[in-house]
Number of protein chains: 2
Amino acid sequence: MGSLTDIQEKLTQAGLKITHQRLVIYEALIKSMSHPTAEYIYEKIKKKNPSMSLGTVHKTLDKFVEVDLAKKVLSVDHLKRFDANLAHHNHIYLENSKEIIDYHDEELQDLILEYLKKKDLKNIKIKDVQLQINADKIDQKLSVSIK
Amino acid sequence: MGSLTDIQEKLTQAGLKITHQRLVIYEALIKSMSHPTAEYIYEKIKKKNPSMSLGTVHKTLDKFVEVDLAKKVLSVDHLKRFDANLAHHNHIYLENSKEIIDYHDEELQDLILEYLKKKDLKNIKIKDVQLQINADKIDQKLSVSIK
DNA sequence: GTGGGTGCAAACAATTTGCAAGTCG
DNA sequence: CGACTTGCAAATTGTTTGCACCCAC
């Protein structure tokens, strides 16, 4: 799913030229599970790609969104955040650990859409729904790791 | 619910001094149904309060969040947006008109929480859930008002 | 070869900070 | 009066833009 040739094919299909920068940025975007900013990706990859410029990361991520290789993600901080996971999925915000993790659940999605369909909200055509689950992480390791 | 004395009481309860700026900003925040930025509120009130500074609006809104008189809101643009409505409620993003409107539905909220409770996600303690409904506005007036 | 892509730096936008002056309690 | 709040301006942070050079196709 994230192999090099796979990424190359996606870029081509999207009508984009295959460049080293795009491969690296897309790979980093896939790998980072919590929804990264341009800055974050830049930091991740610049060690192995010292000539990479932050501006390019911005432009590239925007381009990915434009051609539907990625999407923008809602966030409470006021930073642009991206996500390579295009499938409908929900987000769990772990408030105590500040993590954002994906939660995919077709059944729940259908349940909600069914419910809203019955409600028949007027003047509005629902395209999709996304659930944000606010939670705390319960992790034994946490209390121990305070050291 | 939004009377002057009412707001004053809320400020006092929150341990904040009552100042003209805070009254005006809080009132504007309550009144604006779509989730405003500091800039937006500043523009709304500066006509009647020419000495108000944008920096104060920022500081005041942050302060309101700090004392739970308001909360930060998720947004796709990368702007800080606020909301005086503290009750659990869902957001409908009207993608074509860029509006964000509130959608309160206790029944739906319960439905979702019930479902998730049965799922029993491990290592996670759910605090609340919020639904984002992406939709398009269907409005006859729209097509006419193109002029 | 050429059109799109990159790197760099400057411009821009939104927010934050520092501080002197003002005001609520 | 004293601590908190404000207004102003400068600083910071994050993103965008312009443009000469470069390279994938």
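Heavy-atom basis, side chains included; hydrogens, waters and symmetry copies ignored. Since this is a predicted model, take the numbers as computed values, not measurements. So that the names make sense, note that chain A is the first sequence line, chain B the second, and so on, each numbered from 1.
Between A:His35 and A:His89, the two ring planes are tilted [angle within 30° to 60°].
The separation between B:Leu54 atom CG and C:dA14 atom P is 10 Å, rounded to whole Å. In this structure, the OH atom of B:Tyr40 is 15 Å from the P atom of C:dT15, given to the nearest Å. Between the CG atom of B:Asn49 and the P atom of D:dC8 there is a distance of 13 Å, given to the nearest Å. In this structure, A:Lys80 places its NZ atom 9 Å from C1' of D:dT16, rounding to the nearest Å. In this structure, A:Tyr42 places its OH atom 15 Å from P of C:dT6, rounding to the nearest Å. The nearest whole Å value for the distance from the NE2 atom in A:His20 to the P atom in D:dC23 is 13 Å. Atom CG of A:Leu61 and atom C1' of D:dT16 are 14 Å apart (whole Å). Between the CG atom of A:Leu79 and the C1' atom of D:dT16 there is a distance of 15 Å, given to the nearest Å.
As judged by a 4.0 angstrom heavy-atom cut-off over every strand, A:Thr37 is placed among residues making no nucleic acid contact. Using a 4.0 Å heavy-atom distance criterion, A:Thr56 is classed as a base contact.
The base of C:dG7 sits within donor-acceptor range of the side chain of A:Lys59, with an N or O pair under 3.5 Å.
Out of D:dT15, C:dG25, D:dC8, the shortest distance to the side chain of B:Ile18 is found at C:dG25. Among the nucleotides C:dT6, D:dT15, D:dG7, the one closest to the side chain of B:Met52 is D:dG7. Distance from the side chain of B:His58 is smallest to C:dT16 among C:dT16, C:dG5, D:dT15. Out of C:dT16, C:dG7, D:dG7, the shortest distance to the side chain of B:Asp62 is found at C:dT16.
Where B:Leu16 and B:Arg81 meet DNA chain C, the nucleotide closest to each residue was compared, and B:Arg81 sits on the side nearer the 5' end. Summary of the strand contacts: B:His78 and B:Ser51 both lie near DNA chain D, and taking for each the nucleotide with the nearest heavy atom, the more 5' one is attributed to B:Ser51. Comparing B:Lys17 and B:Gly55 by the nucleotide of DNA chain C that holds the closest heavy atom to each, the one mapping nearer the 5' end is B:Gly55.
Between A:Gln21 and the phosphate of D:dC23, there is no side-chain N or O to OP1/OP2 separation shorter than 4.0 Å. Contact annotation: B:Thr19 reaches the phosphate of D:dT6 (side-chain N/O to OP1 or OP2, under 4.0 Å).
Residues B:Lys80 and A:Asp77 are not paired through a salt bridge, judged by the lack of any N-O separation under 4.0 Å between the basic side chain and the carboxylate.
Ring pair B:Phe64/B:Tyr26: centre-to-centre distance below 6.0 Å.
A:Ile41 is connected to A:Val67 through a chain of hydrophobic side-chain contacts under 4.5 Å among Ile, Leu, Val, Met, Phe, Trp and Tyr, so both are in one cluster.
For B:Lys72, the NZ atom is loosely surrounded, since the number of other residues' heavy atoms within 6.0 Å does not exceed 12.
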